Amino acid sequence: NMGGVRDTLVIKSKGKAGTYQVALIGKCDKPKRKGPVEVRAGSSATIDFKNVLSEDAEYTFSINNPAFTLGSTTATIAKKDKCKISISYSPSEDSPGFDVGNLLIVCKKMKHPWIYYVRGSK
């Protein structure tokens with residue numbers, strides 16, 4: 001749990017109907033892991049990633065398996081805008097027919113990273 005917000009919505013009638021109040025409660029969870037993103041050998045896949053913040057932010061991308069290559073390792077994404085993250089797969093000769101990895105997306109303004117499972121196949 002990343003936190004929450006509580007507030008009250010107040011609606012007032014212009015006539016004699018009075019005032020209506022309702023409690024608003026918002027809860028924010030950390031990003032859920034996504035995937036797997038499938039990548040064929042010698043080709044690439046694209047992930048559409050959105051900056052959920054209400055301000056521009058810099059993101060860094062890394063992957064924990066050298067068989068996968070990222071098109072870019074950083075991006076500054078405008079508020080509420082999307083970015084395409086390209087992942088290529090080049091298996092080693094001793095690969096068992098597939099490789100797996102984790103794409104980690106980090107923003108210094110956020111407490112938790114986004115994680116995408118990546119699976120490459122020959």
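Just so you know, these numbers come straight off a predicted model, no measurement behind them.
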Roughly how far, to the nearest 0.5 Å, is the NZ atom of Lys80 from the NZ atom of Lys50?
6.0 Å
CD/Glu55 to NZ/Lys79 distance, rounded to the nearest 0.5 angstrom?
9.5 Å
Kindly state each residue pair satisfying side chain to side chain donor-acceptor pair (under 3.5 Å) with at least one member in residues 113-122, sequence neighbours excluded.
Arg33-Tyr117, Arg40-Ser121
Applied to residues 67-76, the side chain to side chain donor-acceptor pair (under 3.5 Å) test, sequence neighbours excluded, yields none
Do you reckon Val37 sits in the same ILVMFWY cluster as Phe61, going by side-chain contacts under 4.5 Å, direct or chained?
yes
Worked verdict on Leu103 versus Leu70 for side-chain contact (heavy atoms from CB on, under 4.5 Å)
CA-CA 9 Å; Leu103 168 63; Leu70 297 170; 3.8 Å; yes
Can you see which heavy atom on Asn64 is nearest to which on Asn102, and at what distance?
OD1-N, 2.7 Å
What closest approach, in Å, do Asn51 and Ala57 show between heavy atoms, and which atom pair accounts for it?
ND2-N, 3.6 Å
Full working for side-chain contact (heavy atoms from CB on, under 4.5 Å) between Met110 and Leu53:
CA-CA 9 Å; Met110 300 288 291; Leu53 301 175; 3.4 Å; yes
Counting only heavy atoms from other residues, nucleotides and ligands, does the tally under 6.0 Å from NZ of Lys84 exceed 12?
no
Any Lys/Arg nitrogen of Lys27 or Asp29 sitting under 4.0 Å from an Asp/Glu carboxylate oxygen of the other?
yes
Which heavy atom in Val39 sits nearest to a heavy atom in Ala45, and how many Å separate them?
CG2-CB, 3.7 Å
Output for pair (Thr60 OG1, Leu104 CG), nearest 0.5 Å, gives 7.5 Å
Under a single-linkage definition using a 4.5 Å side-chain heavy-atom cutoff for Ile, Leu, Val, Met, Phe, Trp and Tyr, are Val52 and Val5 assigned to the same hydrophobic cluster?
no
So, are Lys109 and Glu58 salt-bridged, with charged N and O less than 4.0 Å apart?
no
Ring pair (Phe, Tyr, Trp, His ring centres under 6.0 Å): which pairs involve residues 76-95, sequence neighbours left out?
Phe68-Tyr89
Residue pair Ile63, Val118: steps toward the side-chain contact (heavy atoms from CB on, under 4.5 Å) verdict:
CA-CA 9 Å; Ile63 198 155; Val118 181; 3.9 Å; yes
Ile105 and Ile85: CA distance, side-chain angles, deciding distance, side-chain contact (heavy atoms from CB on, under 4.5 Å) verdict
CA-CA 10 Å; Ile105 302 173; Ile85 303 170; 3.6 Å; yes
So if you build clusters from Ile, Leu, Val, Met, Phe, Trp, Tyr with side-chain heavy-atom gaps below 4.5 Å, do Phe49 and Val106 land together?
no
Nearest heavy atoms of Asp56 and Ala78, plus distance in Å
OD1-CA, 3.2 Å
